[in-house]
Protein chains: 2
Amino acid sequence: MANVDGEFLRGAGSVAVLKLLERGEMYGYEIVEALERRTDGVLAMGQSTLYPMLYNLESKGFVAARWDETGARPRKYYRLTADGRKKLSSDAKIWHRLTVAMESLGLTSVQGVLA
Amino acid sequence: MANVDGEFLRGAGSVAVLKLLERGEMYGYEIVEALERRTDGVLAMGQSTLYPMLYNLESKGFVAARWDETGARPRKYYRLTADGRKKLSSDAKIWHRLTVAMESLGLTSVQGVLA
DNA sequence: AGGCATACTATGTGCGGCATAGTGTCAGCG
DNA sequence: CGCTGACACTATGCCGCACATAGTATGCCT
């Protein structure tokens, strides 16, 4: 991970990916770039993080893949499965609860971090 | 982990502990209970998670320990070191950036999670 | 023609979270 | 007055994720 640097997104990474796929299918390289762009580099994970994650999500049935050979380069498009949607919904709740818990400890102080 | 169940707090756990220790020294068992109570069970980590974490933080110089034998039971009090404060400050920023990034993906939607 | 961006695959390592297990003490209850 | 359970810490080991590294191959730009 680039900016978040470390252990902070053990689960955060995969939720982010599932969330991206909620809108429609994407291929690996595209996901890496979208995460980088849309989170201002914070969730910029490398390919070496994303691809194994995708394989993992696929093996668990949360995403499904489809090869597209029509374009210039072969691309493997991933989409959310029904189980993936459930997983996303469940994980989003967990994420929310976690942020609430952290806030109750005084973390994520909205100001004071603006250095 | 109890409620947050899974991989969501790779770093979150230790930040939470550091944050607790910011107020003053605490012993292990007390930390477990404080986390459980103050986060409504969300960050309820067991002893098997906390103690190794404390050893880890101690080995890195972020916390320091002191034995107190005066009470009924011997207690090992942990306190934040100067480095620990720096670490906490740094991690809090990272945590904040992470939540911002997740929000920008549409996660932590304040409503819609109230199911 | 060569280098860079694109796009995916493969392999291996380190470490954090956690389960399990074990030690000992103190307090309350019958 | 012995038992049970809450208190408090230590020790060991597994598993899976994040990540580094490396390798393959194609298309585009200059």
Side-chain angles (χ1 to χ4, degrees), chain A residues 1-18 25-37 42-60 62-63 65-78 87 91 94 98, chain B residues 1-18 25-37 42-60 62-63 65-78 87 91 94 98:
Chain A
M1 201 61 44
N3 261 302
V4 122
D5 173 51
E7 305 287 337
F8 271 93
L9 13 109
R10 263 304 157 127
S14 55
V15 196
V17 170
L18 291 178
E25 59 178 16
M26 295 175 76
Y27 58 95
Y29 202 86
E30 191 183 8
I31 296 176
V32 171
E33 291 208 312
L35 279 178
E36 159 106 41
R37 204 180 331 111
V42 174
L43 282 178
M45 62 178 71
Q47 304 187 17
S48 57
T49 298
L50 178 73
Y51 285 118
M53 182 186 295
L54 285 175
Y55 303 154
N56 182 30
L57 290 173
E58 188 179 14
S59 78
K60 290 176 181 165
F62 296 137
V63 302
R66 163 183 82 81
W67 275 105
D68 178 22
E69 311 273 3
T70 65
R73 244 177 294 263
R75 284 168 171 173
K76 200 172 182 179
Y77 280 89
Y78 288 90
K87 171 74 169 163
D91 281 359
I94 293 176
L98 178 58
Chain B
M1 202 62 41
N3 261 302
V4 124
D5 172 53
E7 305 287 337
F8 271 94
L9 14 108
R10 261 304 155 128
S14 55
V15 197
V17 169
L18 292 177
E25 60 179 14
M26 295 175 77
Y27 59 96
Y29 202 87
E30 191 183 7
I31 296 176
V32 171
E33 292 209 311
L35 279 179
E36 158 105 43
R37 204 180 330 111
V42 175
L43 282 179
M45 62 178 70
Q47 302 186 19
S48 56
T49 299
L50 178 72
Y51 285 117
M53 183 187 294
L54 284 174
Y55 304 154
N56 183 29
L57 290 173
E58 188 179 14
S59 78
K60 289 178 181 165
F62 296 137
V63 302
R66 163 183 82 80
W67 275 104
D68 178 21
E69 311 273 3
T70 64
R73 247 177 292 264
R75 283 168 172 171
K76 199 171 181 180
Y77 280 90
Y78 288 89
K87 171 75 170 163
D91 280 359
I94 293 176
L98 179 57

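Keep in mind that the numbers below use all heavy atoms, side chains included, and drop hydrogens, waters and symmetry copies. In the text below, chain A, chain B and the rest are named by the order of the sequence lines, each starting its count at 1.
When all heavy atoms are compared, the tightest approach of B/Leu35 to B/Ala16 is CD2-CB, 3.9 Å. Heavy-atom minimum distance, A/Ile31 versus A/Met26: CG1-CB, 3.8 Å. A/Met45 and A/Gly13 make their closest contact through CE-CA, 3.9 Å (heavy atoms, listed as atom of the first residue, atom of the second, distance).
Rounded to a whole Å, the CD atom of B/Glu58 is 18 Å from the C1' atom of C/dG16. Note: CG (B/Leu54) to C1' (C/dC18) measures 15 Å, nearest angstrom. As rounded to whole Å, 19 Å separates atom P of C/dC15 from atom OH of B/Tyr55. The distance from atom CE of A/Met45 to atom P of D/dC19 is 8 Å, rounded to the nearest whole Å. One atom, CG of A/Leu50, and another, P of D/dC17, lie 14 Å apart when rounded to the nearest Å. One atom, CG of B/Asp68, and another, P of D/dC7, lie 18 Å apart when rounded to the nearest Å. Regarding B/Leu98, its CG atom lies at a distance of 14 Å from the C1' atom of D/dA18, rounded to whole Å. Distance, A/Glu69 CD to C/dC8 C1': 12 Å, rounded to whole Å.
A/Glu58 CD to A/Tyr51 OH: the interatomic distance, rounded to the nearest 0.5 Å, is 13.0 Å.
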message: Could you go through B/Glu30 and B/Tyr77, starting from their C-alpha distance and side-chain angles, then the distance that decides it, and tell me whether this counts as side chain to side chain contact (heavy atoms under 4.5 Å, CB included)?
response: CA-CA 9 Å; B/Glu30 191 183 7; B/Tyr77 280 90; 4.3 Å; yes

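Proximity of B/Asn56 to the phosphate of C/dG16: a side-chain N or O atom is located under 4.0 Å from OP1 or OP2. Taking side-chain N and O atoms only, B/Lys60 has a distance below 4.0 Å to OP1 or OP2 of C/dG16. Between D/dC19 and A/Thr49, a contact under 4.0 Å exists linking OP1 or OP2 to a side-chain N or O.
Here the side chains of B/Val63 and B/Val17 are not in contact, with every heavy-atom distance at 4.5 Å or above. Looking at heavy atoms from C-beta onward, A/Leu43 lies in side-chain contact with B/Leu98 at the 4.5 angstrom threshold.
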statement: The contact string for nucleotides 1-7 of chain C, one letter per nucleotide 5' to 3', using protein heavy atoms under 4.0 Å with B, S and - for base, sugar-phosphate only and none, comes out as ----BBB

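Picking from C/dC8, C/dT20, D/dC19 the nucleotide with the shortest atom distance to the side chain of A/Trp67 gives C/dC8. Here the nucleotide nearest the side chain of A/Ser48, chosen from D/dT10, D/dT21, C/dA19, is D/dT21.
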